[in-house]
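Got a structure here, written out as structure tokens. Questions coming.
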Amino acid sequence: MNIEYIHSWSMEPVQAIDLQKKLRDKLTFEDYSREPRLVAGIDVSFPFREIALAVIVIMEFNSLSIVDHFFSLKKVETPYIPGLLSFREGPAILDALSRSPEVDLLFFDGHGIAHPRGIGIASHIGLFVEIPTIGVAKSLLYGKVESLPREKGQSSRILSPGGRLLGYALCTRTSVKPVFISPGNRITAESALRLSIRTIGKYRIPEPTRQAHILTQRLKNQLVL
DNA sequence: GCGACAG
DNA sequence: ATCTTGTCGC
């Protein structure tokens, strides 16, 4: 766990935005051409209004079979504000990660650099770990897609207002709305896309994040019952 | 000032 | 994200 950028998570929106602008310059982007063995999907649910349940699902990259899982229950201290998602879900996620063994790659439910200030949850959390992180979002927050990919496996670029490549809209099922892939930290948009494509299963949401979501919902219910 | 707006 | 059953469509 890289403690170099640790900071408080409870702060006012203006302070949080200020911190994001300062942290975005710490992000790095490099190709990832090797073959990851273990990857993990991360998702968060809310069993109670102010309690976040973060789940880490570890799976084999080549078979997409689940190997193990870890979770954490944490009280939330900030409301959900578009662009500041990491401040709400970050604490629970980092705690769950501290209980989980190291893997080669992390997939998040949300964006990486396809964000107003270039530092979505996948990028922000990515500063605390030493492995590459990828954002897999279900809807667009920032930027524009060049065209809508409608055939499974196809993709189109997500561009910033200034024309910078932020990531890709990836069609994971023919004629179904795409998911939005963007690099978090320590990886390029191209590599993030290539690796994400390999985690596509039979559904719209790629397996790592999909399995994490299923488990986060299941654990939430087991908690009440 | 008017929209847009991850989970 | 969360509160919730059935139902339309590929």
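No experiment lies behind these values; they were computed from the predicted model shown. Note on naming: letters A, B, ... go to the chains in the order of the sequence lines (proteins, then strands), and numbering restarts at 1 for each one.
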Output all residues satisfying salt bridge (charged side-chain N to carboxylate O under 4.0 Å, His left out) with A:Asp109, sequence neighbours left out; order by chain, then residue number.
-> A:Lys138
What residues, two or more places apart in sequence or in another chain, satisfy side chain to side chain donor-acceptor pair (under 3.5 Å) together with A:His115?
-> none
Between A:Pro206 and A:Val136, the two heavy atoms sitting closest are CD-CG1, 3.9 Å
Under the side chain to side chain donor-acceptor pair (under 3.5 Å) rule, what pairs show up with a residue in residues 153-176 of chain A, not counting sequence neighbours?
-> A:Glu146-A:Arg157
Only counting residues at least two apart or in another chain, list the ones meeting salt bridge (charged side-chain N to carboxylate O under 4.0 Å, His left out) with A:Glu151.
-> none
Gap between atoms CG and P, on A:Leu219 and C:dT2 respectively (whole Å) = 13 Å
Intra- and interstrand pairs of DNA chain B - dot-bracket, Watson-Crick/G-U under 3.5 Å, | marks other strand | .......
Describe the nucleic acid contact of A:Ser45 in one word from base, sugar-phosphate, nothing, applying a heavy-atom distance below 4.0 Å.
-> sugar-phosphate
Scan side-chain atoms only and decide if A:Thr199 and A:Ser196 contain a donor-acceptor pair under the 3.5 Å cut-off.
-> no
A:Met1 versus A:Phe128, closest heavy-atom pair with distance | SD-O, 3.3 Å
Does NZ or CZ of A:Arg88 lie under 6.0 Å from the centre of the six-membered ring of A:Phe46, at an angle within 45° of the ring axis?
-> yes
Give the B/S/- string for nucleotides 1-7 of chain B, one per nucleotide from 5' to 3', where a protein heavy atom under 4.0 Å of the base yields B, of only the sugar-phosphate yields S, and otherwise -.
-> ----BBB
Does any non-hydrogen side-chain atom of A:Ile51 lie less than 4.5 Å from one of A:Val76?
-> no
Separation of atom CZ in A:Arg49 from atom P in C:dA1, rounded to whole Å = 14 Å
Where along residues 181-201 of chain A does a heavy atom fall under 4.0 Å from DNA chain B?
-> none
Residue pairs meeting side chain to side chain donor-acceptor pair (under 3.5 Å), one or both in residues 95-107 of chain A, sequence neighbours left out, come to A:Ser72-A:Asp95, A:Asp95-A:Arg99
Closest approach of A:Ile187 to A:Phe29 (non-hydrogen atoms, all atoms of both residues) = O-CD2, 3.2 Å
Who are the side chain to side chain contact (heavy atoms under 4.5 Å, CB included) partners of A:Lys144, not counting sequence neighbours?
-> none
According to the Watson-Crick and G-U wobble definition with distances under 3.5 Å, which dot-bracket string, read 5' to 3', encodes DNA chain C, using [ ] for crossing pairs and | for pairs with another strand?
-> ..........
List every contact pair, protein side and nucleotides 4-10 of chain C side both N or O, where the distance is under 3.5 Å.
none

Aromatic rings A:Phe87 and A:His7: how do their planes relate, parallel, tilted or perpendicular, breaks at 30° and 60°?
-> tilted
Classify the side-chain pair A:Thr188/A:Asp31 by whether it contains a donor and acceptor separated by less than 3.5 Å.
-> yes
So what does A:His213 hit on the nucleic acid, given a heavy-atom distance under 4.0 Å: a base, only sugar-phosphate, or nothing?
-> sugar-phosphate
Do any pairs count as a side chain to side chain donor-acceptor pair (under 3.5 Å) and have a residue in residues 45-55 of chain A, sequence neighbours left out, and if so which ones?
-> A:Ser45-A:Thr216
